[in-house]
**Student:** 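Pasting a structure below so you can have a look.
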Protein chains: 2
Amino acid sequence: MRKSDIQTVRKLALFSDMSDECFETMLQGAFLQRFPSAVVLIGEGEPADFLHIVVDGCVELYATTNGRESTMAVVRPVATFILAAVLADAPYLMAARTIESSQILMIPAENLRDAMKNDAELTRAVVNELANSYRSVVKTLKNHKLRSGVERLANYLVSTHENQGANGRIYLPVEKKLLASMLGMTPENLSRAFATLKPYGVRVKGADIEISLIDDLRVLAKPNELIDNPRS
Amino acid sequence: MRKSDIQTVRKLALFSDMSDECFETMLQGAFLQRFPSAVVLIGEGEPADFLHIVVDGCVELYATTNGRESTMAVVRPVATFILAAVLADAPYLMAARTIESSQILMIPAENLRDAMKNDAELTRAVVNELANSYRSVVKTLKNHKLRSGVERLANYLVSTHENQGANGRIYLPVEKKLLASMLGMTPENLSRAFATLKPYGVRVKGADIEISLIDDLRVLAKPNELIDNPRS
DNA sequence: TTTGTAGCTTGACATTTATCAAGTGACTGA
DNA sequence: TCAGTCACTTGATAAATGTCAAGCTACAAA
């Protein structure tokens, strides 16, 4: 494992305050690996043996039942995923796969749990991370229970527009098929939702989206702090 | 605060392993209060000043946006709610109200956070509780993204049937209006969903439900361990 | 270049879900 | 006792969403 990669991980909020000693011990038996796109990293229902950290690339968390499949979240560097399963020592509730070539750090679950016993700062950070993960899923659930498909798309566009500099255009960071699944709709319906937003200044050219009437779009979207703001 | 109530709370998984000293210190400034039905205990977006524990009665967690409202969860004794907001020191993402006369223990957020600094067992229990809360919301989200309304109802009936002794009948513990909101549908639609399940041996008489063809119902519901099992 | 292949879009249609309106029955409070 | 309210149900209708099929485009492999 390269020193620069270790530095990157060390700076994660989850690990930044723990002691050097505990950090190094925890990384014993951890490994950093590069995977090509579309590789399934973990399967739904498997025992949680490793904490995973996306160091580079992009990972999709998804769930299936009865032949259906849905994207639950998309994880970008540098962030952990399936922390809760590791801590509860329970099976993964979501599967994970790379959606582009990705570098993944895998820390044995045992190591993390041991490190938490010896390092109060780590434990504090874990509590924080978990609490925020929980809040993030609650927001997603609110988004789905309280809004229609078009509204979810509109809010996604408004948020993304802000995150990307609010300059009247967006570049979609994921394929539309995946975006549709994130938003809980079919690809066909996403196309139609984009068409519905045309009168609100949304023009689609591949992954490039023009947002010319952001105020009108916001009136439709009615963004809500307690759903759309990742912080707070 | 009565001794018997303290005993009850003490036995909570969250507090059972902490030291007597920390437990008592934590309860300084805490108060146990009885509320009538339909009282709003906390509002969406308010700062998280207290950890709440349902000692008796029943509490609904719900969320609103843009005039719409949806039930996120129902909390029964003895359990905590909005732990994550308290730990993240962030505004409540969900509002809470009693749905029957209830006794609520409120522990100042500060006290909990202080107690965690001094009691490693409490911290461990908090991590566990948080991880399980997270997993619970993920299951709810999967339920909504992967199933239709009728399927959600069918699975609710199958689960409830097992929890209530699997003897061919169920007593609905909540009003149908609330059940509808929990399941993410309108009351009208819930009525129709029950009608749809008639050929699967579901007969409704008020809050009493007869489940005469549980095997057929299970074939329709296709229950999934990783959605419907509260444990694991 | 050709030929796939995959992502995306569009149309036609089916299904699911919501909305509006009306009516029933049970309980409550005057 | 009676009126009113509320939960619930049902029907009619509308809106949202999914499915199936076809076609288009861009990109990649042969």
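Proteins get letters first, then strands, A, B, ... in listed order; numbering begins at 1 in each.
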**Student:** Determine, stepwise, if the pair B:Leu105 / B:Val54 fulfils side-chain contact (heavy atoms from CB on, under 4.5 Å).
**Tutor:** CA-CA 7 Å; B:Leu105 174 64; B:Val54 188; over 6 Å; no

**Student:** Describe, as an angle rounded to 10 degrees, how the axis at the first end of the helix from C:dT1-D:dA30 to C:dA30-D:dT1 is tilted relative to the axis at the last end, five pairs per end.
**Tutor:**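 The value is 30°.
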
**Student:** Nearest whole angstrom, please: distance from the C1' of C:dT9 to the NZ of A:Lys198.
**Tutor:** 12 Å

**Student:** How long is the line joining NZ of A:Lys145 and C1' of C:dA18, in whole Å?
**Tutor:** 15 Å

**Student:** In whole Å, I'd like the distance from the CG atom of A:Leu178 to the C1' atom of C:dC8.
**Tutor:** 14 Å

**Student:** Anything under 30° is parallel, anything over 60° is perpendicular, the rest tilted; go ahead and classify B:Tyr92 against B:His52.
**Tutor:**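 Ring orientation of B:Tyr92 relative to B:His52: perpendicular.
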
**Student:** Roughly, in whole Å, what's the span from CZ in B:Arg147 to P in C:dT17?
**Tutor:**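 Distance, rounded to whole Å: 13 Å.
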
**Student:** In whole angstroms, how far is the C1' atom of C:dA26 from the NZ atom of B:Lys205?
**Tutor:** 18 Å

**Student:** With a 6.0 Å cut-off (strictly less than), is the heavy-atom count around OH of A:Tyr62, excluding the residue itself, greater than 12?
**Tutor:** yes

**Student:** Charged N to carboxylate O below 4.0 Å: is that the case for A:Lys142 and B:Glu44?
**Tutor:** yes

**Student:** Looking at C:dG7, I'd like to know if its phosphate oxygens (OP1 or OP2) sit under 4.0 Å from a side-chain N or O belonging to A:Lys176.
**Tutor:**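 No, no such contact exists.
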
**Student:** In plain terms, say whether B:Lys177 and B:Glu188 are close enough for a salt bridge, that is, a side-chain N and a carboxylate O under 4.0 Å apart.
**Tutor:**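 No, B:Lys177 and B:Glu188 are not salt-bridged.
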
**Student:** Between residues 185-192 of chain B and DNA chain C, which residues have a heavy-atom gap below 4.0 Å?
**Tutor:** B:Met185, B:Thr186, B:Glu188, B:Asn189, B:Arg192

**Student:** Taking A:Arg147 first and then A:Asp228, would you say they form a salt bridge - that is, a charged N and a carboxylate O separated by under 4.0 Å?
**Tutor:**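 Salt bridge flag = yes for A:Asp228 with A:Arg147.
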
**Student:** Look at B:Asp56 together with B:Arg34 and state whether they make a salt bridge at an N to O cut-off of under 4.0 Å.
**Tutor:**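 Between B:Arg34 and B:Asp56 there is a salt bridge, with a charged N closer than 4.0 Å to a carboxylate O.
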
**Student:** Decide if atom CZ of A:Arg169 counts as having more than 12 heavy atoms of other residues, nucleotides or ligands within a radius under 6.0 Å.
**Tutor:** no

**Student:** Is any NZ, NE, NH1 or NH2 atom of the basic residue among B:Arg218 and B:Asp215 found under 4.0 Å from an Asp or Glu carboxylate oxygen of the other?
**Tutor:** no

**Student:** Other residues, nucleotides and ligands only: do more than 12 of their heavy atoms fall within 6.0 Å of OH on A:Tyr200?
**Tutor:** no

**Student:** Once you round it to whole Å, what is the distance between C1' of C:dA6 and CD of A:Glu175?
**Tutor:** 9 Å

**Student:** If I take atom CD1 in residue A:Ile99 and atom C1' in nucleotide C:dG7, what distance separates them, rounded to the nearest angstrom?
**Tutor:**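 Computing the A:Ile99:CD1 to C:dG7:C1' distance gives 15 Å.
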
**Student:** For a 4.5 angstrom cut-off between non-hydrogen side-chain atoms, does A:Pro47 reach A:Pro91?
**Tutor:**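 Side-chain contact under 4.5 Å: no.
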
**Student:** Shoot me the first and last contacting nucleotide of DNA chain D against chain B, ordered 5' to 3', at under 4.0 angstrom to non-hydrogen atoms.
**Tutor:**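 Listed 5' to 3', the contact boundaries are D:dA7 to D:dA12.
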
